[in-house]
Peer 1: 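Structure incoming, see below.
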Amino acid sequence: MKKIFVGNLPFSAQDHEIEALFAGIGNVHNVNLIYDRETGRARGFGFVTMDAEAADQAIQKLDGTLFGGRNLRVNEAAERKPRQNRW
DNA sequence: GTTGAGCGTT
């Protein structure tokens with residue numbers, strides 16, 4: 001499987017919409033849109049996991065596509081930053 | 001408005 005970064009999402013995007021979009025390319029294993037933890041507002045990006053081949057196709061086919069009035073950014077996800085210790 | 005979160009004790 002491969003993790004895909006999906007950026008430049010409209011704040012109105014819902015995870016099931018993203019799943020539907022990527023499901024047109026291949027089997028979607030997981031969708032994870034990110035919200036601001038304090039305000040609950042969408043942050044405009046998220047992550048999708050797919051089989052590696054499907055992820056490659058999705059990156060090729062969906063990067064730059066218009067979605068909800070915005071041109072999506074689709075790439076393989078960068079490594080998540082380590083969380084800073086709170087203790 | 002572009003690279004996640006929260007938890008626990010491995």
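Per chain, numbering begins at 1; letters A, B, ... match sequence-line order. Owing to the predicted nature of the structure, the values given are computational and were not obtained by experimental measurement.
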Peer 1: Report, one line per pair, each donor and acceptor closer than 3.5 Å where one atom sits in a side chain of residues 8-16 of chain A; sequence neighbours left out.
Peer 2:
{"unit_1": "A:Asn8", "atom_1": "OD1", "unit_2": "A:Arg70", "atom_2": "NE", "d": "3.3"}
{"unit_1": "A:Asn8", "atom_1": "OD1", "unit_2": "A:Arg70", "atom_2": "NH2", "d": "2.7"}
{"unit_1": "A:Asn8", "atom_1": "ND2", "unit_2": "A:Asn71", "atom_2": "O", "d": "2.6"}
{"unit_1": "A:Gln14", "atom_1": "NE2", "unit_2": "A:Ser12", "atom_2": "O", "d": "3.4"}

Peer 1: Are A:Ile34 and A:Val48 co-members of a hydrophobic cluster defined by side-chain heavy atoms under 4.5 Å apart?
Peer 2: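 Looking at the clustering, A:Ile34 is in a separate group from A:Val48.
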Peer 1: When all nucleic acid strands are considered with a 4.0 Å heavy-atom cut-off, which category describes A:Leu9: base, sugar-phosphate, or nothing?
Peer 2: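 Counting heavy atoms under 4.0 Å across all strands, the contact made by A:Leu9 includes a base.
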Peer 1: Which nucleotide in the set B:dT3, B:dA5, B:dT2 lies at the smallest distance from any side-chain heavy atom of A:Asn8?
Peer 2: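 From the listed options, B:dT2 comes nearest.
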Peer 1: Between C1' on B:dG4 and CZ on A:Phe47, what's the gap in Å once rounded to a whole number?
Peer 2: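 Atom CZ in A:Phe47 sits about 5 Å away from atom C1' in B:dG4.
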Peer 1: How close or far is atom C1' of B:dA5 from atom NZ of A:Lys3, stated in whole angstroms?
Peer 2: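 One finds 12 Å between C1' of B:dA5 and NZ of A:Lys3, rounded.
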Peer 1: Provide, to the nearest angstrom, the distance between the CZ atom belonging to A:Arg80 and the C1' atom belonging to B:dA5.
Peer 2: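 Atom CZ in A:Arg80 sits about 7 Å away from atom C1' in B:dA5.
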Peer 1: On DNA chain B, nearest-nucleotide positions of A:Ser12 versus A:Tyr35: which is more 5'?
Peer 2: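 The residue mapped nearer the 5' terminus is A:Ser12.
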Peer 1: Whole angstrom is fine here: how far is it from CG in A:Leu33 over to P in B:dT3?
Peer 2: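 After rounding, the gap between these two atoms is 14 Å.
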Peer 1: Whole-Å distance between B:dT3 P and A:Asp63 CG?
Peer 2: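 To the nearest whole Å, that distance equals 15 Å.
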Peer 1: Across the strands shown, which category fits A:Arg41 at heavy-atom distances under 4.0 angstrom: base, sugar-phosphate, nothing?
Peer 2: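 A:Arg41: no heavy atom of the nucleic acid under 4.0 Å.
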Peer 1: Hydrophobic cluster membership, with links at side-chain heavy-atom distances under 4.5 Å among I/L/V/M/F/W/Y: are A:Met1 and A:Ile59 in one?
Peer 2: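 No, it is not one cluster - the side chains of A:Met1 and A:Ile59 are not joined through contacts under 4.5 Å.
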Peer 1: Which residue pairs satisfy the side chain to side chain donor-acceptor pair (under 3.5 Å) criterion with at least one member in residues 40-51 of chain A, sequence neighbours excluded?
Peer 2: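 Found A:His29-A:Asp51.
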Peer 1: Would A:Phe45 pass as stacked on B:dG4, i.e. its ring centre under 5.5 Å from the base's six-membered ring centre and planes under 30° apart?
Peer 2: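 Taking the rule of under 5.5 Å and under 30°, the ring of A:Phe45 does not stack on B:dG4.
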Peer 1: Taking any heavy-atom pair under 4.0 Å as a contact, classify A:Phe5: base, sugar-phosphate, or nothing.
Peer 2: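 Touches a base.
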Peer 1: To the nearest Å, give me how far apart CD1 (A:Ile4) and P (B:dT2) are.
Peer 2: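 Taking atom P of B:dT2 as the reference, CD1 of A:Ile4 is at 20 Å.
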Peer 1: In this structure, how many angstroms lie between the P atom of B:dG4 and the CD atom of A:Glu76, rounded?
Peer 2: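 It works out to 16 Å between those atoms.
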Peer 1: Honestly curious: do A:Phe67 and A:Phe22 fall in one hydrophobic cluster under the side-chain, below-4.5 Å linking rule?
Peer 2: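 Per the 4.5 Å side-chain linkage, A:Phe67 and A:Phe22 are co-clustered.
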Peer 1: Atom CG of A:Leu62 to atom P of B:dT2: distance rounded to whole Å?
Peer 2: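 In whole Å, B:dT2 P lies 21 Å from A:Leu62 CG.
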